[in-house]
Amino acid sequence: MNVSVLSRNDVYKIIVNGEFPKNTAVITFFDPPDGHSAGYQPVDYSDVTDDVFYVCIPDIDWDAFENDPEGIKAFFPQAGEAAEFILKAHDEGKDIICQCDYGQSRSAGCAMAILEYFECNGKKIFEDKRYFPNQLVFGKILSALKQKQKDVAAFSP
């Protein structure tokens, strides 16, 4: 499974140029509407794939919560659903594009979690100077993937 980190602009280019890769699922992070100008919308993938998981969360990390455990706990409530989406894509042999506005933080944190879970190689993203992985996104997705693994193991004979 290939895992890519792309920005909003990168994705628009590959869609417009007809270069969107086949057999690919997308996890797209976008900001809540109050943080952008009128007309801001998540990327529309409807012409290239139906296999998209949309995540509306702000581009914030640990320091924004000032040690507020309840705020941290409530952040990214869709992490379990994202983990299910990732596992399904993996089981179907699909590649995954992780995309956010700038292709540096939320998408990098997501890709880092996926690579860490499946290949024990999240450092590949962390060590790449282009990325600044969002640690909350990384932690939430990796924890959710591990929890799904435990859930499956608990129901196996």
Side-chain angles (χ1 to χ4, degrees), residues 1-33 35-36 40-62 75-156:
M1 168 174 54
N2 289 321
V3 179
S4 304
V5 178
L6 296 175
S7 72
R8 185 179 185 88
N9 288 339
D10 292 337
V11 165
Y12 279 131
K13 286 177 190 171
I14 64 172
I15 290 173
V16 167
N17 292 333
E19 298 171 351
F20 191 86
K22 302 288 183 210
N23 201 38
T24 299
V26 178
I27 301 172
T28 181
F29 295 86
F30 61 99
D31 293 335
H36 280 278
Y40 174 83
Q41 295 289 321
V43 174
D44 179 5
Y45 289 92
S46 62
D47 289 338
V48 292
T49 184
D50 294 328
D51 212 357
V52 183
F53 189 81
Y54 290 92
V55 183
C56 181
I57 56 172
D59 191 9
I60 57 175
D61 214 332
W62 292 107
F75 181 77
F76 193 9
Q78 316 92 319
E81 293 171 61
E84 289 174 10
F85 179 85
I86 292 163
L87 293 168
K88 182 177 179 273
H90 179 266
D91 290 348
E92 293 174 356
K94 294 187 176 187
D95 294 331
I96 297 179
I97 291 175
C98 302
Q99 176 263 309
C100 66
D101 286 332
Y102 297 103
Q104 296 176 329
S105 181
R106 291 169 288 182
S107 56
C110 180
M112 192 166 94
I114 295 168
L115 290 171
E116 185 61 29
Y117 181 76
F118 288 107
E119 301 174 10
C120 296
N121 194 19
K123 68 179 183 174
K124 174 181 177 182
I125 299 294
F126 185 76
E127 293 173 346
D128 190 319
K129 302 290 186 221
R130 295 175 294 175
Y131 308 128
F132 306 95
N134 183 303
Q135 296 300 302
L136 277 172
V137 171
F138 167 75
K140 293 276 185 155
I141 290 179
L142 185 59
S143 291
L145 286 166
K146 289 179 179 180
Q147 184 60 50
K148 296 294 176 194
Q149 181 181 29
K150 286 180 189 177
D151 293 348
V152 168
F155 290 107
S156 295

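Only heavy atoms go into these numbers, but all of them, side chains included; no hydrogens, no water, no symmetry mates.
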If we only count heavy atoms from C-beta on, is the [X] to [Y] side-chain gap below 4.5 Å?
| X | Y | value |
| --- | --- | --- |
| C100 | T28 | no |
| I96 | I86 | yes |
| Q99 | R8 | yes |
| V43 | F30 | no |
| Y40 | P33 | no |
| C110 | I114 | yes |
| F29 | N134 | no |
| Y102 | D10 | no |

Q.
Pair I27, V52 - check side chain to side chain contact (heavy atoms under 4.5 Å, CB included), show working.
A. CA-CA 6 Å; I27 301 172; V52 183; over 6 Å; no
Quick check: closest heavy atoms across [X] and [Y], and the distance to 0.1 Å?
| X | Y | result |
| --- | --- | --- |
| V3 | A111 | CG1-CB, 3.6 Å |
| E116 | L142 | CG-CD2, 4.1 Å |
| R130 | Q104 | O-CG, 3.5 Å |
| D95 | N2 | OD1-N, 2.8 Å |

How long is the gap from [atom1] on [X] to [atom2] on [Y], to the nearest 0.5 Å?
| X | Y | atom1 | atom2 | result |
| --- | --- | --- | --- | --- |
| L136 | D59 | CG | CG | 10.5 Å |
| I141 | C98 | CD1 | SG | 7.0 Å |
| Y12 | F20 | OH | CZ | 13.0 Å |
| F85 | Q78 | CZ | CD | 13.0 Å |
| S107 | Y131 | OG | OH | 7.5 Å |
| K13 | E19 | NZ | CD | 11.0 Å |

Q) For the side-chain hydrogen bond (donor to acceptor under 3.5 Å, both in side chains) test, which of T49, N23, T24, D51 pairs with K94? A) D51
Q.
So for atom CG, which belongs to D91, do other residues, nucleotides or ligands contribute more than 12 heavy atoms lying within a distance under 6.0 Å?
A.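 Yes, because the 6.0 Å sphere around CG of D91 holds more than 12 heavy atoms from other groups.
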Q.
Does F118, at its CZ atom, have more than 12 non-hydrogen atoms belonging to other residues, nucleotides or ligands within less than 6.0 Å?
A. yes
Q. Looking at D31 and R106, does any basic side-chain N land under 4.0 Å from a carboxylate oxygen?
A. yes
Q: Could you tell me whether K88 and E92 have a side-chain N and a carboxylate O separated by less than 4.0 Å?
A: yes
**Q.** Any donor-acceptor N/O pair, E127 side chain to I125 backbone, under 3.5 Å
**A.**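 No, the answer is negative, given that no donor and acceptor are paired below the 3.5 Å cut-off.
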Q) Can you check whether F75's main-chain N or O pairs, donor with acceptor, with K140's side chain at less than 3.5 Å? A)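 Judged by distance alone, yes, a pair lies under 3.5 Å.
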Q.
Determine whether L145 and K148 satisfy the following criterion, side chain to side chain contact (heavy atoms under 4.5 Å, CB included), listing intermediate values before the conclusion.
A. CA-CA 5 Å; L145 286 166; K148 296 294 176 194; 5.8 Å; no
Q: Dump the intermediate steps for side chain to side chain donor-acceptor pair (under 3.5 Å) on D44 and S46, then the final yes or no.
A: CA-CA 6 Å; D44 179 5; S46 62; 2.7 Å; yes
(Q) Evaluate F138 against D61 for side chain to side chain contact (heavy atoms under 4.5 Å, CB included), listing each step before the verdict. (A) CA-CA 10 Å; F138 167 75; D61 214 332; over 6 Å; no
